[in-house]
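Accompanying notes for the structure given below.
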Amino acid sequence: MKCNILFLFLALILCSSCDNDDTNFEFVNVATAEFMSKSEFRSSVDIVAPQPIQFPGKIYAYQDYVFVNDVNKGVHIIDNTNPVTPKAIAYIKIPGNEDISVKDNFLYADSATDLLVFNISNINAISLVERLEDVFTIYNSHTPNEADAVDYNEFDFETDVIIGWSLKRERREKLDDSQINVIFNDGILMNASAESNVGVGGSLARFQIVNNFLYTVGSYEMAIFNIQDLSAPVLEKVQGAGWNIETMFQAEGYLYLGSTNGMYIYSLNDPSSPEYVSDFTHWEGCDPVVVDGDYAYLTLRGGNLCGQDESVLEVIDISDKTTPTLAGRYELENPYGLGIKGNTLFVCDGTSGLKLFNKENPLDISLIKSFKNIQSKDVIPLDDKLLMIGDRVLYQYNYAGDSISLISTYTLN
């Protein structure tokens, strides 16, 4: 009997040792889906007093207002009449929201699968005037870039809507390549205006308004809405857009889509049906893009789901839209968004701060100035000032020749 007990004890120790073999396990960042029922989801939109911001996302400027997305939760509205002392005035609760665009006091916002339209002509009495249900067949809410794996939990496509993601670090058994592909492919695929009456978004935007059309892009599809009647948009069509699309920029009759593996160019000769022109392929990396004249500027950020470890700024010659070619490449540390004002290229280099480049000669850009000890995510170069967001802070700068000076910092809390 004692021998049997001893044998069982030794067996348990050996099994425990096998389970704790670190060579078979690793720590990964797991993105877990957050969802709610469709009925609750569609009844939870509300306009309320200013709220603490939880996770600042993209920024958007319209008239004297700055809109700050609270990732997957809603939009904070800041009165920027006096840039020295901006003031939060309202919050629009929108589950599953990432992007907005504004034209003539009508605000368009994604809400997971739906498109919402708000009348903001009276900023103190904002109203929801339209909801187009299930127009985004591929979820626009991307998983966090820091994620190594995705957990859809008990999400039911028929009855639920994914409204966001939580990120946590877990110790998991190592998987081979075939198992990893199953994890990432299982379940639901996630996905400067010339007119004074249209607002301006940053380079991380996936919404663009061009004349009477609103273009939105998800991971693999583009949705085109006719907004001639601003309060009642009509979905014209949904078409393929490319692979792993993350951002969209419009300039001079073209749409430029930034993806994790390149840049896609679409012509707007027929605004209701953008036509693929060409694409420029690079290694895998998170990729916003801006365009000025014959050159496109894009940042590639490596790491986690973004792909390779390298991070760079690329300059692409697009003088011939059918054959974009690489014209220059410059190393960066941790790049996100970027913007252009005159001959100055503003690059948000993440934890390495805001960097200003002289791009008078696009083939040989040079660093002018670097604002260190700040975290930068995206910028909007306006006519009279520069807006930048990073690390829960909204920064505003004055232009002064080839340099800029700080106007104010506004903590998003």
Side-chain angles (χ1 to χ4, degrees), residues 44-112 114-131 140 163-164 192-193 195-202 204-209 214 216 227 230-231 233 337 377-396 407-413:
S44 59
V45 174
D46 199 5
I47 295 92
V48 298
Q51 302 289 310
I53 195 164
Q54 297 186 34
F55 190 79
K58 302 171 187 180
I59 53 175
Y60 192 90
Y62 177 73
Q63 295 181 352
D64 290 327
Y65 302 99
V66 177
F67 301 81
V68 181
N69 160 248
D70 203 334
V71 178
N72 292 315
K73 298 185 181 299
V75 178
H76 300 263
I77 304 176
I78 298 171
D79 186 341
N80 200 39
T81 304
N82 182 358
V84 176
T85 57
K87 180 182 178 181
I89 57 173
Y91 175 58
I92 310 177
K93 294 174 60 178
I94 309 173
N97 172 255
E98 284 194 24
D99 281 81
I100 69 166
S101 277
V102 182
K103 180 177 181 179
D104 288 345
N105 290 323
F106 284 90
L107 184 151
Y108 303 90
D110 62 333
S111 180
D114 300 353
L115 178 70
L116 308 185
V117 186
F118 296 88
N119 185 333
I120 62 169
S121 56
N122 182 348
I123 205 70
N124 297 311
I126 299 171
S127 60
L128 175 64
V129 296
E130 180 64 286
R131 175 191 287 271
N140 282 330
I163 58 170
S193 174
E195 298 183 3
S196 60
N197 57 356
V198 176
V200 183
L204 302 180
R206 293 179 299 105
F207 276 29
Q208 293 289 342
I209 291 177
L214 166 68
T216 73
I227 57 170
L230 294 171
S231 64
K377 185 175 182 181
D378 203 9
V379 291
I380 300 179
L382 301 174
D383 288 338
D384 58 341
K385 57 183 171 293
L386 181 81
L387 304 180
M388 185 187 78
I389 191 171
D391 194 27
R392 304 181 67 85
V393 177
L394 174 66
Y395 299 85
Q396 300 193 63
I407 299 175
S408 65
T409 59
Y410 179 76
T411 302
L412 300 166
N413 54 23

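When reading the values below, keep in mind they use all heavy atoms of this one structure, side chains included, and skip hydrogens, waters and symmetry mates.
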Set of salt bridge (charged side-chain N to carboxylate O under 4.0 Å, His left out) partners for Asp70, sequence neighbours left out:
none
Rounded at 0.5 Å granularity, tell me how far CZ in Phe55 sits from CG in Asn72.
9.5 Å
Are any non-hydrogen side-chain atoms of Phe118 and Val75 less than 4.5 angstrom apart?
no
Give a yes or no answer on whether the side chain of Glu130 reaches the backbone of Leu128 with a donor-acceptor pair at less than 3.5 Å.
no
Asp79 side chain vs Ile89 backbone, donor-acceptor pair below 3.5 Å
no
Exam field: side chain Asn197 to backbone Asp104, donor-acceptor pair closer than 3.5 Å
no
Pair Val102-Gln63, side chain to side chain contact (heavy atoms under 4.5 Å, CB included): steps then yes or no
CA-CA 10 Å; Val102 182; Gln63 295 181 352; over 6 Å; no
From Leu394 CG over to Tyr410 OH, what is the distance, rounded to the nearest 0.5 angstrom?
8.5 Å
To the nearest 0.5 angstrom, please state how far the CD1 atom of Ile59 sits from the OH atom of Tyr395.
12.0 Å
Heavy-atom closest contact (Lys377 atom, Pro56 atom, distance):
NZ-O, 3.8 Å
With ring pair (Phe, Tyr, Trp, His ring centres under 6.0 Å) as the rule and sequence neighbours excluded, what pairs involving residues 68-107 come up?
His76-Tyr91
Side chain to side chain contact (heavy atoms under 4.5 Å, CB included) between Asp99 and Thr216, worked out:
CA-CA 9 Å; Asp99 281 81; Thr216 73; over 6 Å; no
Minimal heavy-atom distance between Leu115 and Pro233, with the atoms involved, is CD2-CG, 4.2 Å
Whether the side chain of Asn80 engages the backbone of Val66 through a donor-acceptor N/O pair (distance < 3.5 Å, no angle test) should be reported.
no
What are the two closest non-hydrogen atoms of Ser101 and Ile209, and how far apart are they?
CB-CD1, 3.6 Å
dist Lys87:NZ -> Thr81:OG1 (nearest 0.5 Å) comes out at 10.5 Å
Could you state the interatomic distance from CD1 (Ile120) to CD1 (Ile77), rounded to the nearest 0.5 Å?
6.5 Å
Among side-chain atoms of Asp110 and Asn97, is any donor-acceptor pair under 3.5 angstrom?
yes
Under 3.5 Å, is there a donor-acceptor pair between the side chain of Lys58 and the main chain of Gly202?
no
Mind listing the closest non-hydrogen atom pair of Ile78 and Pro86 along with its distance?
CG2-CB, 3.7 Å
How long is the gap from CG on Asn122 to OG on Ser127, to the nearest 0.5 Å?
9.0 Å
If we only count heavy atoms from C-beta on, is the Ile100 to Tyr62 side-chain gap below 4.5 Å?
no
For residues 382-393, tabulate all N or O donor-acceptor pairs below 3.5 Å that involve a side-chain atom, not counting sequence neighbours.
| residue | atom | partner | partner atom | Å |
| --- | --- | --- | --- | --- |
| Arg392 | NH1 | Gln54 | O | 2.8 |
| Arg392 | NH2 | Ile53 | O | 2.5 |
| Arg392 | NH2 | Leu412 | O | 3.3 |

Using modelled atom types only, decide if a donor and an acceptor are shared between the side chain of Tyr108 and the backbone of Lys103 within a distance under 3.5 Å.
no
Less than 3.5 Å apart, any donor N or O on the side chain of Asn69 or Tyr60 sitting next to an acceptor on the other?
no
Sub-3.5 Å donor-acceptor pair from the side chain of Ser111 to the main-chain atoms of Pro95, do we have one?
yes
